[in-house]
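Read the structure below first, then the notes.
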Amino acid sequence: MLRRLGPAFWIGSAWIAVVLAAGLLADVLPMPRYDETLAGPPQAGPSAAHPLGTDGLGRDVLSRVVHGSRVSLGVGVGAVLLGLLVGAPLGVLAGYRRRAADAVIMAGTDIALAFPALVFALAVVAFAGASLRNVLIVLGVLGAPAWTRLIRGATLSVAQREFVLAARALGARDRRILWREIVPNVTMPAASYAFIGMAVAVVAEGGLAFLGLSVQAPTPTWGGLINEGRAIMENAPHLVLAPSVVMFLTVLSFNLVGDRLRALTAVRESGLEPVRRAAPASLPTAPHAAGDVLLQVADLRTHFVAPHGTVKAVDGVSLTLERGRTLAVVGESGSGKSMLIRSILGLLPAGQVLRGGKVYLEGEDLTAYPPERMRRVLGTRLAAVFQDPMTALNPVRRIGTQLAEPLRVHRGMSRRQARAEAARLLASVGIPDPARTLRRYPHELSGGMRQRVTIAMALSCGPDVLFADEPTTALDVTIQDQVLRLVHRLRGERDMAVLLVSHDLSVVAEWADEVVVMYAGRVVERGPTAEVLERTRMPYTEALLQAVPKLTDPPHRRLRVITGRPPDLAALPSGCAFHPRCPHADPRCATETPPLIPASDPPPAAGPPAAGPPAAGPPADGTPPAHQPPPAADGPPSAVTPSSPAEPRPLAAAVPPSSTAPEHLYACWHPRGAGTAITEGAESHGR
Amino acid sequence: MIAYRLARLAVVLLVVTFLSYVLLNLLPGDPTTQMLGLSATEEARAELRRQLGLDQPLLVRYGAWLGGLLSGDFGTSPITRVPVAEELVERLPVTLELLVAAEVLALGLAVPAGVAAARRAGRALDQALTALGFALLSTPVFVVGVLLILLFAVTWRVLPATGWTPLSVDVGWNLTSVLLPAVTLGCAQMAVYARLLRTDLIATLQEDYITLARARGLSPRRILWRHALRPSAISLVTAVGLNLGALIGGTVIVETLFGLPGVGRLIVDSIFSRDYLTVQGCVVLISVGYVLVNFAVDLVYAAVDPRIRRA
Ligand code: SF4
């Protein structure tokens, strides 16, 4: 934890400590007294005897600055403590009690914010007398509302968490809950804000002193020193520079320390933290042949550099897609299927992502395109629809503006033409009254309507391939069917190919021609939809099938009936990645990665013994084990190209040339026969 | 909605005027001392107090003063014998020009800086801008002002250190006299705005609709300025309103430092001369201004974010 604070924190703390120590020891440090006139020649610049020079009366500037720190830090620390004392209890009260107390207290802070704080501080100090005590009280009290707000916010977030609600429901005493649960959780934001507050107080005191309304002469203050030095700035600039620099460094240190402390707890980054950056090199690609198909994805890999390791979101996926066909990619959430789409389209966030493999559109390698050229392909030939129509449309732009934009950019239409075309598109996706809808904002439409709009937008420039990432998951069941029907109809009308990502096998069964099952970033089973769903070989697919929601289930239920959790993509299990959750796993599954095997072949279970040779190597490293050569590069293109680079040689030969009827392949050492059902485990784990 | 906000506005103003009146009047210090000098007899003071109405109960005085406010009568300063309203009207344009110039400068620099930083988040430019912003944020306004004067007025002698030319006299001179004060005042604001915009823009750029805009083959520049900037500007708009308080506090110092005849300078002068009535007038003016600007900010909100219009 201390490591994460970074050097800025330590440098800031060190400077604060130095200033603090100097202020405390000011009287015993070997230097002239702050008010000793003619300690040196007047207005002299820095010298050995007077490191920061002397002022107009020959007083030592260093000594005056050091003594000034007493006032600044004293007020800084004192005002923060006072503000905390006044403001924090109110904040806890408002956040914990809510209702009336909250309303009254928040109205109070609203009013306090409308109060010109500095003006008020000026008036109070001027009328009540410029003394350290008065300055401290005024700044402390004026800082209290900010404390109240902060503590209220922090309390509010904690007070709604389960453990606190539970404790309250169980009748724990409020005082106990506050001390046990809330106070520890509020400490960190408070500590961070204390330093920021000190910076604010030091600046405010400086401002008062600059106006001559803080501690009075002869006691030096930083603001006062700067004000004094102003008059003879021309001849002796060091008089303003010295206290200015010290003050700047001190305020900066308080802010830095506060910011670093906040970064420990806050989700948002301030931009001061070091950024981890992936090496620009891309990942290796297994050799393959570019086929004569509409879309071919070959050995695609997408790895993220995360603090806890390399996340292999997509790890060697290959697939092909023909016009007029729908290919479904299925898997649990976290199986890498959404990332697959973003990776194919080249829409990954720059910086921390490594991509490998190739994407061919009618034989042209898209991964080699420069960004400019890729943009012309995106939107005109490839288009995408995402899961949540709520977030897929820009909330502050009208539907018409958003829909017309690609038409104007890619098809060079005039404003008028684009509008007419946009209305036509809306009509084609079944939106009543397109002209009115064009003038609307996304939040004025229902979810189903919005998804129709995003589909219209995706289709606006007549794409060849439509990527639909869970296009109906966020919609009601009745709307789901309408939207999928629409996609299906448009596919036919426009002779497109559709890549449909879904976790819902009932959707897949109805609309997809072929299916690819993904697990942990890899393909584990693929083939014609009917074939795969009826004669499932891979236990994971089987489990998915068992998890298909029944009519009696509540809508939008997630896949939860598969035992265990999806694996951590940064640390995949060895062997078959599914083995920790697989009811049929045996020792061999834990050590060796099964290749994709054609369903027509006899299962290779008769191969090496269960406790296979460790020479298979850890498969999680993404490189093909040495003893398994990659698929033959000269093999003819196939409708379904091999997925894993760890493919056994015989497979390449087994794939029929330019077959449009894909073969049923699966990755499992112990396949389930046709119609075999997994009975154990599935139902009993539906939490 | 509007009615509710107006009611709230009235309550806030009532409380602010009441508190400021009562607090200022409860503070020790007697204006008669200031007016008559320390040697005045007790009778003379009592007589003056009676003339000024200071012998009345506090609440009665507040009521009378508030009644006057509503008809635009802020009272007449017992010290300078000038009607407070007149003084304010004369000085307000200076302060307004300073505030507007500072905000324009701050926003004008913060938006490109924030966009540039967000676009290349984590790169060298971003880190340099972030560090610079942090430094600006940590420099007190009078330090900025003094350093700018040292550089531009004392060392290079290109801009005046003090003085004010009204806009009506000479536009060019007016702009030269407002430039340094406005930069001084706007520096910290710029840092605040740039930081806010950067954070929000980075969050916006991760939204689905931005990814989809990229999937439609739109150029990064178009996506940044046409798609991402406006949804990211919402907290910026709020910040402009909320920071006005800090900015007004800053004008007190900046006007003093640069010798500008604005409201801020008036506050300092009247505080030193124990001129309660003028101080109160200024406090009212500032509070009303703050509340009204935040009221306007809420309206701007709706222009920036259509979702709010219906709420
Ligand atoms: S290889 Fe087959 S049986 Fe073994 S763990 Fe994997 S899925 Fe289960």
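Note on naming: letters A, B, ... go to the chains in the order of the sequence lines (proteins, then strands), and numbering restarts at 1 for each one. None of the values given here were measured: they were computed from a predicted structure.
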What part of [X] gets within 4.5 angstrom of chain A, counting heavy atoms only: side chain, backbone, both, or neither?
{"X": "B/Ala135", "answer": "both"}
{"X": "B/Leu218", "answer": "both"}
{"X": "B/Ser219", "answer": "both"}
{"X": "B/Val154", "answer": "side chain"}
{"X": "B/Leu257", "answer": "both"}
{"X": "B/Arg222", "answer": "side chain"}

Taking the inter-plane angle between the rings of B/Trp156 and B/Phe152 on a 0 to 90° scale, is it parallel (under 30°), tilted (30 to 60°) or perpendicular (over 60°)?
perpendicular
Plane angle bin for B/Phe142 and A/Phe210 - parallel if under 30°, tilted between 30 and 60°, otherwise perpendicular
parallel
For chain B, which of [options] has the most heavy-atom pairs under 4.5 Å?
{"options": "A/Met390, A/Glu405, A/Met457", "result": "A/Glu405"}
{"options": "A/Ser460, A/Ala392, A/Ala384, A/Pro371", "result": "A/Ala392"}
{"options": "A/Pro395, A/Cys461, A/Pro406, A/Pro463", "result": "A/Pro395"}
{"options": "A/His410, A/Met374, A/Glu372", "result": "A/His410"}

Steps toward side chain to side chain donor-acceptor pair (under 3.5 Å) verdict (A/Thr391, B/Asp208):
CA-CA 6 Å; A/Thr391 59; B/Asp208 270 359; 3.0 Å; yes
Most chain A-contacting option - heavy-atom pairs closer than 4.5 Å, from [options]:
{"options": "B/Gly289, B/Gly249, B/Pro140, B/Ala215", "value": "B/Ala215"}
{"options": "B/Ile149, B/Leu150, B/Leu19", "value": "B/Leu150"}
{"options": "B/Leu147, B/Val146, B/Thr256, B/Thr204", "value": "B/Val146"}
{"options": "B/Ala213, B/Pro220, B/Gly264", "value": "B/Pro220"}
{"options": "B/Pro231, B/Gly133, B/Gly250, B/Gly217", "value": "B/Gly217"}
{"options": "B/Val143, B/Val288, B/Leu212, B/Val268", "value": "B/Leu212"}

Does B/Arg265 use its side chain to pair, donor to acceptor, with the backbone of B/Gly259 at less than 3.5 Å?
no
Whether A/Arg342 side chain and A/Leu347 backbone form a donor-acceptor pair below 3.5 Å
no
Answer with yes or no whether the side chains of A/Thr454 and A/Gln451 bring together a donor and an acceptor at under 3.5 Å.
yes
Indicate whether the side chain of A/Arg397 and that of B/His227 have a donor and an acceptor atom separated by less than 3.5 Å.
yes
Please flag which part of [X] lies under 4.5 Å from any non-hydrogen atom of chain B: side chain, backbone, both or neither.
{"X": "A/Val409", "answer": "side chain"}
{"X": "A/Leu211", "answer": "both"}
{"X": "A/Arg230", "answer": "side chain"}
{"X": "A/Leu382", "answer": "backbone"}
{"X": "A/Ala199", "answer": "neither"}

Quick one, [X] and [Y] - any side-chain contact, counting heavy atoms below 4.5 Å?
{"X": "A/Val453", "Y": "A/Gln402", "result": "no"}
{"X": "B/Ser270", "Y": "B/Leu266", "result": "yes"}
{"X": "A/Arg440", "Y": "A/Arg398", "result": "no"}

Nearest atoms (heavy-atom pairs only) where A/Gly229 meets A/Val240
C-CG1, 3.4 Å
SG/B/Cys282 to CD1/B/Ile248 distance, rounded to the nearest 0.5 angstrom?
11.0 Å
So which of B/Arg198, B/Arg120, B/Arg119 actually passes side-chain hydrogen bond (donor to acceptor under 3.5 Å, both in side chains) with B/Asp126?
B/Arg198
